[in-house]
Participant: 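Could you have a look at this structure, given as structure tokens, before my questions?
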Amino acid sequence: MRLRNFLAIPVLVLTAGSAIAQTHIPARISIWDGVYTEAQAERGHTLYMQSCSRCHGVELSGTFETPPLVGRFMPYWSGSTLDALFDYVSTAMPLDHPGALGVGANTDIVAFILKRNEIPAGAKELGAGDLKVINFDSAKPRRTRK
């Protein structure tokens with residue numbers, strides 16, 4: 001009888017540990033989950049017009065020298081997390097003064113780019129600390145109910 005109790009303890013510990021570990025796994029977050037606010041995108045619009053529109057255009061459509069930030073732009077970033085786009089914007093843009101804009105300005109510009117690509121806004125502002133866990137899905141992911 002003692003042997004059975006002795007063997008049951010590791011099984012209970014493993015089961016409990018597995019349940020605890022599963023509760024700490026963050027849910028998959030997508031750009032489609034409302035990761036920025038309308039106010040943030042509006043600030044981003046102002047910043048975009050000041051710092052980005054001369055190269056990427058007022059409508060974000062690009063030119064023969066610069067890529068668009070709408071439409072075919074989306075699949076290019078698909079499969080990455082939002083920090084990849086943010087890092088590129090932060091270090092390579094604006095072209096004449098790379099890295100000149102601060103973290104807040106760049107997150108606002110990324111929010112504006114998402115809005116212009118018809119990604120829905122949410123209730124929480126996009127923050128630099130959130131970027132690594134937000135998946136850049138070019139198409140809205142299908143959710144399964146459990």
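Below, all heavy atoms of this structure are taken into account, side chains as well, without hydrogens, waters or symmetry copies.
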Participant: Please output the side-chain donor-acceptor pairs of residues 65-75 that fall under 3.5 Å, not counting sequence neighbours, one pair per line with the distance.
Facilitator:
unit_1, atom_1, unit_2, atom_2, d
T66, OG1, C55, O, 2.6
T66, OG1, T63, N, 3.3
T66, OG1, T63, OG1, 3.2

Participant: Can you name the salt bridge (Lys or Arg N to Asp or Glu O under 4.0 Å) partners of D130, sequence neighbours left out?
Facilitator: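 K124.
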Participant: How far apart are the C-alpha atoms of L101 and S90, what are their side-chain angles, what is the distance that settles it, and do they pass the side chain to side chain contact (heavy atoms under 4.5 Å, CB included) test?
Facilitator: CA-CA 7 Å; L101 301 176; S90 296; over 6 Å; no
Participant: Just so I know, are the side chains of L126 and F86 near enough to count as touching, which here means a heavy-atom distance under 4.5 Å?
Facilitator: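 Not in contact.
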Participant: Sequence neighbours left out, what passes salt bridge (Lys or Arg N to Asp or Glu O under 4.0 Å) with R54? Give chain and number order.
Facilitator: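 So R54 forms a salt bridge (Lys or Arg N to Asp or Glu O under 4.0 Å) with D96.
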Participant: Mind checking what makes salt bridge (Lys or Arg N to Asp or Glu O under 4.0 Å) contact with E42, not counting sequence neighbours?
Facilitator: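 Here no residue qualifies.
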Participant: Taking side-chain hydrogen bond (donor to acceptor under 3.5 Å, both in side chains) as the definition, give me every residue that meets it alongside E59, ordered by chain and number, with sequence neighbours left out.
Facilitator: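 Counting only residues at least two positions away or on another chain, E59 forms a side-chain hydrogen bond (donor to acceptor under 3.5 Å, both in side chains) with R116.
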Participant: Quick one: pull up CD1 in I113 and CD1 in I31 and give me the separation to the nearest 0.5 Å.
Facilitator: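 These two atoms lie 11.5 Å from each other.
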Participant: Is any side-chain heavy atom of Q40 less than 4.5 Å from a side-chain heavy atom of K115?
Facilitator: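 No, their side chains stay 4.5 Å or more apart.
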Participant: Keeping the roles fixed (side chain from N135, backbone from R28), state whether a donor-acceptor pair exists under 3.5 Å.
Facilitator: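 Judged by distance alone, no pair lies under 3.5 Å.
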Participant: Less than 4.5 Å apart, any side-chain heavy atom of I29 and any of V35?
Facilitator: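 Side-chain contact under 4.5 Å: yes.
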Participant: Given side chains that start at C-beta, do those of V110 and L82 come closer than 4.5 Å, heavy atoms only?
Facilitator: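 Side chain of V110 against side chain of L82, heavy atoms only: contact under 4.5 Å found.
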Participant: Per the salt bridge (charged side-chain N to carboxylate O under 4.0 Å, His left out) rule, what does the pair list look like for residues 104-113, sequence neighbours excluded?
Facilitator: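 Salt bridge (charged side-chain N to carboxylate O under 4.0 Å, His left out) check on residues 104-113 returns R43-D108.
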Participant: Would you say the side-chain atoms of D137 and S30 include a donor-acceptor pair closer than 3.5 Å?
Facilitator: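 Yes, S30 and D137 have a side-chain donor paired with an acceptor closer than 3.5 Å.
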Participant: Looking only at heavy atoms, what is the nearest atom pair of L131 and T81, with distance?
Facilitator: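 L131 and T81 have their closest heavy atoms at O-CB, 3.8 Å.
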Participant: Let me see the working for Q50 and H45 under side chain to side chain contact (heavy atoms under 4.5 Å, CB included), right down to the final yes or no.
Facilitator: CA-CA 9 Å; Q50 294 168 351; H45 176 250; over 6 Å; no
Participant: Which pair of non-hydrogen atoms, one from A128 and one from T107, has the smallest distance, and what is that distance?
Facilitator: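 Looks like N-CG2, 4.0 Å.
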Participant: Are the side chains of C52 and I109 in contact, using a 4.5 Å heavy-atom criterion?
Facilitator: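 A side-chain contact under 4.5 Å exists here.
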Participant: Within a strict 4.5 Å, meaning less than it, do heavy atoms of the Y36 and E125 side chains meet?
Facilitator: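 No, too far: nothing below the 4.5 Å cut-off.
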Participant: P120 versus W32: any side-chain heavy-atom pair under 4.5 Å?
Facilitator: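 Yes, at least one pair of side-chain atoms sits under 4.5 Å.
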Participant: Hydrophobic clustering (ILVMFWY, side-chain heavy atoms < 4.5 Å, transitive) - are V58 and L95 grouped together?
Facilitator: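 No, L95 and V58 fall in different hydrophobic clusters.
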Participant: Could you please spell out the steps behind the side chain to side chain contact (heavy atoms under 4.5 Å, CB included) verdict for Y76 and L85?
Facilitator: CA-CA 10 Å; Y76 180 80; L85 173 61; over 6 Å; no
Participant: Identify the two heavy atoms, one from W77 and one from Y88, that lie closest to each other, and give their separation to 0.1 Å.
Facilitator: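 Looking at all heavy atoms of both residues, the shortest contact is CH2-CB, 3.8 Å.
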Participant: Less than 4.5 Å apart, any side-chain heavy atom of M49 and any of T46?
Facilitator: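 Sidechains of T46 and M49: no contact.
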